[in-house]
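The block underneath contains the structure these notes are about, expressed in C-alpha cells.
When a residue number appears, it is its place in the shown sequence, counting from 1. Side-chain atoms are counted along with the backbone in the values below, which use heavy atoms only and exclude waters and symmetry mates.
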Amino acid sequence: MSILTHHFNTKYDTAPFSKIKNDDYLPAFQNAIALAKAEINAIVTNPEKPTFKNTIEALAFSGERLDRISSIFFNLNSAETNDEIQKIAQEVSPLLSEFGNDVRLNADLFAKVKTVYDTREKLHLNAEQNTLLEKKYKSFSRNGANLSEEKKLQLREIDKELSKLSLQFGENVLAETQAFQLHITDKNDLAGLPEGTTEAAHSLAKSHKKDGWIFTLDHPSYLPFVTYADNRELRKKISIAFGARAFQNNEFDNQEIVLKIAKLRFDRAQVLGYETHAHFVLEERMAENPEKVLHFLDDLLAKAKPAAQKEFAELAAFAKKMDGIDQLEKWDGAYYSEKLKQQLFHLDDEMLKPYFQLEKVLDGAFTVAQKLYGITFEEIFDIDKYHDEVKTYEVKDEENQLVAVFYADFFPRKGKRNGAWMTSFKPQYVKKETNERPHISIVCNFTKPTDTKPSLLTFNEVTTLFHEFGHALHGMLANTVYPSLSGTSVYWDFVELPSQILENWCYEAEALALFAYHYQTEKMIPMELVHKIKESASFQEGMATMRQLSFGLLDMGWHAQNPSKIGNIKTFETEQFSATQLYTEVKENAMSTAFSHIFQGGYSSGYYSYKWAEVLDADAFAYFKENGIFNKEVATKFKENVLSKGGTEHPMILYKRFRGQEPKPDALLKRAGLI
C-alpha cells in the first residue's frame, strides 16, 4: 500500500517526501482517479433533486486526494526531477487529461449542474457560492459538454496529445539548459567578472573534477557572465547557446513540438466554437478578448517605443565611444547597460550585493509581511522536505493560530528548472467547519553560498524574491470555502498583482532599513545607495517595456490567429518582433522553442498579464504611498479585499472595493518615467 493513498498522519498533514518512492506514484494516481470517479458517480446517481449542496458543492470537494498527489508529483517534476519522474509524468499526464475529460464530458453530470445553474436566481447564494456555480457550469459548457459524441472524442484526443507535448517541451528545455558548459582554463578570460561569480564557477569545475572554471546556462551563472565578462567572444558564445536552447535540430529540438502545440490549441478552440485559442482563454480574463489585449499592448508600445529607441541609441553610442563597437549586438546589451548605469548612477550590483545576504532579505520579507498583515514566520525542523536545501516555516497570526506552512527552495541544481515560481502542496479551504490551512512553496535559482561568502543577491534577485513571496502571501492568507477559488486561483491577469505590488517595497528606504545590512560590517545600506536604487529604477525602462511587450505580442501571434500557415518558426518570430526589435537578429536563436511560460506553464494567451498587472500594482501602491507604506488600514483593506478573497468574485469588483476606483495607467507610466 503506497503512502500516497491514505491520510499522511504527519504534522499539519504535510507531504511525507522522504517516505515516497518513485514506484508509489503510478499506483497512487490510479487509485486516486478511481476514488475521484466514485465520488463523481455518487453525485450522478444521487436520486434526490439536484441542489447546490449535493451537486455543485459535492463536485467542488471531489478529487481531493488526486489533487494532493498531483501537486506533490508535478511540483517535484519542476524542482527535483530525474529520468524516472519524467517517465512517470509521460504516463500519468494522459491519464489525468482523460479523467478531466471524463468529468467535463459527462452528460448526466452536466445535466445536473445545468439544472442548478438554471434556477440560480431563486437560490439566494452568497458571492462565493455564485462564483463557484458559474465557474462549475462554465467548466462544462466551455470545455465541450454541449458537443456531439464525435466532437467530444476529437477533444479527448487533442487534450491527451497536448498534455504529452507540453511535458516533452519542458524536458527538452531542461536537457538543453544542462547540456551546455562554458569551460574556461585561461584566467585572462575571467576579466570583468565579479569574484563571487568566478568562485562559484571554480567550485562547479571542481565538482566536475576539472581545472579552471565552468559557466552554465543556469541564471546565477549565465546572467553575471553576460553582464560582466569583458571577453566579447565568450559573451557571444554563451549568449547564443542560451538563445539556441531546443532550436538546434537535435534530439531535444522543440520546433515541431511548438508548431504542434499551437495547432492543437487552435483546433481545440475551433471544436469548442471559438475563433482562436486566445478567444477561448480570454473569455475568462479581465481583458475579455484578443482585440482588447492587442489594443492594450499596442497602446503601451506607442508610449514606450520612442523612449526605447532613444535609450538604445544612447547605449550604442556609449559602446562605440567606450570600446569602438560598431554594431551593438544582443550579447553586448547587459554588459554595456551595466557600464552605463555605473557611469550615470555610480551604482552596480557588485556594490549592492554585500547588503543583500539571502537570509537577511528573506527575514526582511517576513518582517514586511508582519508589519502589513500581522503574521510571523518561524523556521521549523520537524517536517519532511524533498531536498536538504529546502527551508520550512510555520506561519502564525497574532492569535498564534496556524496560517500556513511555508517551504523555500533557493538554489540551482540538477533536476530543477530555471527561473522562479510559487506553488502549493495543499490549498486552503473550509470543510466540516475546519479551516484547512495551505502549504505554500517558493522556488528560485539564486547564487549558492561558497566557502568564503554567504549567498549574496543582486538587486534584481531581491525583487524576484519579493515577487514570489507576494504570490506566496496570496496563497498563505487565503480564506475561502472552496479549494478551486482559493489563493492564486484567480483570473490570470489579476494573479500578478499581489506579487508585483510587493516588489515596490524593495525601493523604499523604510523597508530596506529592515534587511539591507552589509554581511561583514553589519552596517545598514547607506542612504545615498538607496537614493541611487530609486533613481536608477526607471533606467532603460523603455527598453525593458519593449522586451516584455515583444513577448506578449509573440504569445498573441501564436494564439490569436490560425497557426496552420506558420511553416518556419524563425521567419514567424521575425515578423512578430518587427515592431519591437532593437537588436539585429541572431540567426542561431529562437525565442519560442524555450518560451516555457506559454508552451509549458499556464501563460498561453496570458503573457500580457505581467504588464496588465503592472498597471494595477502601480495604482495600488500609489494608494499605499499616499498613506504610508506600512499603513495598517490600507494593508488590512488589501488583505481583506484582495489577498484573502482568491477568485471568489470578479477581480475588478475586489480591486474597486480595495481602492475605491478603477485603476489608472498614469501611475505606471509615471513610475516607468514614460510620462
Check your understanding: Does Thr45 reach the main-chain N or O of Asn41 with its side chain, forming a donor-acceptor pair under 3.5 Å?
Key -> yes
Check your understanding: Can you list the steps and then say if Glu176 with Asn254 is a side-chain hydrogen bond (donor to acceptor under 3.5 Å, both in side chains)?
Key -> CA-CA 10 Å; Glu176 288 273 86; Asn254 271 338; over 6 Å; no
Review point. Is Ile375 close to Leu477 at the side-chain level, that is, under 4.5 Å between some pair of heavy atoms?
Key: yes
Point to revise | Pairing of Glu394 and Lys11 as salt bridge, 4.0 angstrom limit | key: yes
Review point. Just by modelled atom types, is the Arg245 backbone N or O under 3.5 Å from a matching donor or acceptor in the Thr593 side chain?
Key: yes
Exercise for review: Describe, in one word, how the ring planes of Tyr610 and His597 are oriented to each other, choosing from parallel (under 30°), tilted (30 to 60°) and perpendicular (over 60°).
Suggested key: perpendicular
Review point. Is there a donor in the side chain of Thr177 and an acceptor in the side chain of Asn418, or the other way round, less than 3.5 Å apart?
Key: no
Review point. Does the side chain of Asn82 reach to within under 4.5 Å of the side chain of Ile85, using non-hydrogen atoms?
Key: yes
Practice item. Determine, stepwise, if the pair Val103 / Leu109 fulfils side-chain contact (heavy atoms from CB on, under 4.5 Å). Key: CA-CA 8 Å; Val103 175; Leu109 181 60; 3.9 Å; yes
Point to revise | ring pair (Phe, Tyr, Trp, His ring centres under 6.0 Å) partners for Phe280, two or more places apart | key: Tyr274
Exercise for review: Identify the two heavy atoms, one from Ala369 and one from Leu473, that lie closest to each other, and give their separation to 0.1 Å.
Suggested key: CB-CD2, 3.9 Å
Review point. Is Glu84 paired with Lys87 through a side-chain N to carboxylate O contact shorter than 4.0 Å?
Key: no
Review point. Between Glu128 and Lys645, does at least one N-O distance fall below 4.0 Å, as a salt bridge requires?
Key: no
Practice item. Please answer whether the main-chain N or O of Arg417 pairs with a side-chain N or O of Asn445 as donor and acceptor at a distance below 3.5 Å. Key: yes
Practice item. Give the ring-plane orientation class for Phe406 versus Phe377, where under 30° counts as parallel, over 60° as perpendicular and anything between as tilted. Key: perpendicular
Point to revise | Phe99 side chain near Lys37 side chain, heavy-atom distance below 4.5 Å | key: yes
Review point. Does any N or O in the side chain of Asn54 come within less than 3.5 Å of the main-chain N or O of Asn46, such that one atom is a donor and the other an acceptor?
Key: no
**Study point:** Between Asn250 and Gln248: side-chain donor-acceptor atoms closer than 3.5 Å
**Key:** no
Practice item. Decide yes or no on side-chain hydrogen bond (donor to acceptor under 3.5 Å, both in side chains) for Ser18 and Asp384, but give the supporting numbers first. Key: CA-CA 7 Å; Ser18 65; Asp384 222 338; 2.7 Å; yes
Check your understanding: Going by heavy atoms in the side chains, are Phe242 and His219 under 4.5 Å from each other?
Key -> yes
Review point. Checking side chain to side chain contact (heavy atoms under 4.5 Å, CB included) against Thr648, which of Val481, Leu132, Thr480 comes through?
Key: Thr480
Point to revise | Distance-only donor-acceptor check, side chains His277 and Arg268, under 3.5 Å | key: no
Point to revise | Main-chain N/O of Ser609 paired with Glu496 side-chain donor or acceptor, under 3.5 Å | key: no
Study note, to complete from the structure: OG (Ser203) and CG (Asp451) are apart, to the nearest 0.5 Å, by 6.0 Å
**Study point:** Under 3.5 Å: donor-acceptor pair, side chain of His467, backbone of Thr463
**Key:** no
Review point. Ring centres of Phe169 and Phe252 under 6.0 Å apart?
Key: no
Exercise for review: Please answer whether the main-chain N or O of Lys160 pairs with a side-chain N or O of Ser163 as donor and acceptor at a distance below 3.5 Å.
Suggested key: yes
Check your understanding: Side-chain contact, heavy-atom cut-off 4.5 Å: Phe29 with Leu4?
Key -> no
Exercise for review: Would you check if there is a donor-acceptor pair between the side chains of Gln181 and Thr216 at a distance under 3.5 Å?
Suggested key: no
Practice item. Verify side-chain contact (heavy atoms from CB on, under 4.5 Å) between Arg65 and His6, making sure each step is shown before the conclusion. Key: CA-CA 8 Å; Arg65 173 67 25 193; His6 47 80; over 6 Å; no
Practice item. For this output row, return yes or no: ring centroids of His439 and Phe425 closer than 6.0 angstrom. Key: no
Review point. Would you call Glu284-Lys138 a salt bridge at under 4.0 Å N-O?
Key: yes
**Study point:** Sidechain N-carboxylate O distance under 4.0 Å for Arg68, Asp13
**Key:** yes
Exercise for review: Kindly state whether the ring of Tyr482 and the ring of Tyr429 have centres lying under 6.0 angstrom apart.
Suggested key: no
**Study point:** Backbone of Pro483 reached by a side-chain donor or acceptor of Gln428 within 3.5 Å
**Key:** no
Review point. Are the ring centres of Phe595 and Tyr603 closer than 6.0 Å?
Key: no
Check your understanding: What pairs with Asp409 under side-chain contact (heavy atoms from CB on, under 4.5 Å), at least two apart in sequence or on another chain?
Key -> Ala79, Tyr386, Val390, Arg413, Lys416, Val443
Review point. What's the verdict on side-chain hydrogen bond (donor to acceptor under 3.5 Å, both in side chains) for Thr5 and Asn31, showing C-alpha distance, side-chain angles and the deciding distance?
Key: CA-CA 7 Å; Thr5 51; Asn31 179 288; 5.2 Å; no
**Study point:** Audit row: Asn435, Asn479, side-chain hydrogen bond (donor to acceptor under 3.5 Å, both in side chains) steps and yes/no
**Key:** CA-CA 8 Å; Asn435 194 328; Asn479 200 17; 2.9 Å; yes
**Study point:** Phe599, Trp558, Phe551 screened by ring-ring contact (aromatic ring centres under 6.0 Å, His included) with Tyr607, the one that passes
**Key:** Phe551
**Study point:** Step-by-step side-chain contact (heavy atoms from CB on, under 4.5 Å) determination, Ile383 to Val405
**Key:** CA-CA 10 Å; Ile383 65 170; Val405 173; 3.6 Å; yes
**Study point:** Note: Glu161-Lys260 ion pair, threshold 4.0 Å (strictly below)
**Key:** no
Review point. Can you tell me if His474 uses its side chain to pair, donor with acceptor, with the backbone of Pro498 under 3.5 Å?
Key: no
Exercise for review: Return yes if some donor-acceptor pair links the side-chain N/O of Thr434 with the main-chain N/O of Glu436 below 3.5 Å, else return no.
Suggested key: no
Check your understanding: Any side-chain heavy atom of Pro220 sitting closer than 4.5 Å to one from Phe225?
Key -> no
Review point. Can the ring centroids of Tyr393 and Phe366 be said to lie less than 6.0 angstrom from one another?
Key: yes
Exercise for review: Evaluate whether atom NZ of Lys206 has more than 12 neighbouring non-hydrogen atoms of other residues, nucleotides or ligands under 6.0 angstrom away.
Suggested key: no
